[in-house]
Amino acid sequence: QVQLVESGGGSVQAGGSLRLSCAASGRTFSNYGMGWFRQAPGKERAFVAHITPSGDSTLYADFAKGRFTISRDNAKNTVYLEMNSLKPEDTAVYYCAAKVLSVAPMNERLYDHWGQGTQVIVSS
């Protein structure tokens, strides 16, 4: 079992930045691909970014490209999401998730473990 705890959410003005962290405990963190998803009010949960277990490859949703950066530190069992140039439409609860399978990183159904989420509010 893997336990995931997100932190770093908060309120920020448009154009600002936030850095989300997701700390993992339990089984070997470096065996898992890690993803970030978000759920805005009244909307379905959406893929944001993914990073492979070794950190050598990343994938982003179109809205995240150029503004968000996913990274990981396997020595610290932590994955990060650096978010810049934030927009009001980025307001959502952000979740990190872990999965073993290396396929279809955008498919939330393939993720095995989820954190509880952290709220991000971007005001105009």
Side-chain angles (χ1 to χ4, degrees):
Q1 192 74 0
V2 173
Q3 292 79 42
L4 303 173
V5 179
E6 301 96 335
S7 61
S11 296
V12 64
Q13 289 191 328
S17 299
L18 282 174
R19 187 195 197 199
L20 306 183
S21 299
C22 173
S25 61
R27 296 199 174 185
T28 306
F29 177 69
S30 60
N31 289 344
Y32 291 86
M34 298 298 296
W36 284 96
F37 290 78
R38 72 184 188 182
Q39 187 166 22
K43 295 187 177 181
E44 293 185 351
R45 191 157 55 188
F47 171 78
V48 177
H50 174 269
I51 189 166
T52 52
S54 65
D56 62 344
S57 181
T58 57
L59 179 69
Y60 295 92
D62 285 344
F63 65 80
K65 291 177 181 177
R67 298 191 299 128
F68 294 3
T69 302
I70 188 171
S71 62
R72 67 189 296 161
D73 185 338
N74 285 345
K76 295 183 178 180
N77 288 358
T78 303
V79 63
Y80 305 96
L81 185 69
E82 183 77 31
M83 304 187 295
N84 299 312
S85 302
L86 283 163
K87 305 174 182 180
E89 51 264 43
D90 294 318
T91 295
V93 177
Y94 284 72
Y95 299 89
C96 71
K99 71 182 189 76
V100 174
L101 290 176
S102 60
V103 297
M106 300 175 69
N107 186 345
E108 64 174 281
R109 298 179 183 179
L110 297 182
Y111 284 79
D112 306 294
H113 309 285
W114 290 83
Q116 83 290 348
T118 185
Q119 178 74 57
V120 171
I121 298 173
V122 184
S123 58
S124 57

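Sequence positions, counted from 1, serve as the residue numbers for this chain.
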Atom of V2, atom of A24 and distance for their closest heavy-atom approach: CG1-CB, 4.3 Å
- line: Between the CZ atom in R72 and the OG1 atom in T58, the distance rounded to the nearest 0.5 Å is 12.0 Å
query: Would you say N74's side chain and P53's backbone share a donor-acceptor pair under 3.5 angstrom?
result: yes
Reported CD-to-OG distance for the pair E6 and S21, which is rounded to 0.5 angstrom: 10.0 Å
- prompt: Does atom CD of Q39 have more than 12 heavy-atom neighbours from other groups under 6.0 Å away?
  reply: yes
message: Treating T52 as the side-chain partner and S57 as the backbone partner, does any N or O pair qualify as donor plus acceptor under 3.5 Å?
response: yes
field: Closest contact, heavy atoms only, A40 versus T91
entry: CB-O, 3.6 Å
field: Rounded distance (nearest 0.5 Å) linking atom CZ of R38 with atom CZ of R45
entry: 13.5 Å
task: Mind checking the CD1-SG spacing from I70 to C22? Nearest 0.5 Å is all I need.
output: 9.5 Å
- request: Decide yes or no on side-chain contact (heavy atoms from CB on, under 4.5 Å) for Q3 and H113, but give the supporting numbers first.
  value: CA-CA 7 Å; Q3 292 79 42; H113 309 285; over 6 Å; no
- prompt: Is D62 salt-bridged to K65, cutoff N-O under 4.0 Å?
  reply: yes
message: Once rounded to the nearest 0.5 Å, what's the spacing between atom CH2 of W36 and atom CD1 of I51?
response: 11.5 Å
message: Test side-chain contact (heavy atoms from CB on, under 4.5 Å) on D90 and F68; report intermediate values, then the result.
response: CA-CA 11 Å; D90 294 318; F68 294 3; 3.8 Å; yes
- prompt: If you take all heavy atoms of L110 and A104, which pair is closest and at what distance?
  reply: CD1-CB, 3.6 Å
- prompt: Is V12 reachable from Y94 through a run of I, L, V, M, F, W or Y residues, each pair having side-chain heavy atoms under 4.5 Å apart?
  reply: yes
task: Answer yes or no on whether K99 is positioned over the face of Y111, meaning its NZ or CZ is under 6.0 Å from the six-membered ring centre and within 45° of the axis.
output: yes
task: Please answer: with hydrophobic residues joined when any side-chain heavy atoms are less than 4.5 Å apart, are L81 and F63 in the same cluster?
output: yes
task: Give the cluster check for L20 versus L59: same hydrophobic cluster or not, with ILVMFWY residues linked at side-chain heavy-atom distances below 4.5 Å.
output: no
- prompt: Atom CZ in F37, atom OH in Y95: separation rounded to 0.5 Å?
  reply: 12.0 Å
message: Are V48 and W114 connected into the same hydrophobic cluster when the rule is that any two of I, L, V, M, F, W, Y join if their side-chain heavy atoms are below 4.5 Å apart?
response: no
message: Side-chain heavy atoms nearer than 4.5 Å, only ILVMFWY residues, links allowed to pass through others: does that put F47 and V79 together?
response: no
query: If you measure only the distance, is there a donor-acceptor pair under 3.5 Å linking the side chains of S17 and N84?
result: yes
Backbone N/O of T28 and side chain of S30: donor-acceptor pair under 3.5 Å: no
- line: All heavy atoms of A14 vs all of S124, minimum pair found to be CB-CA, 4.3 Å
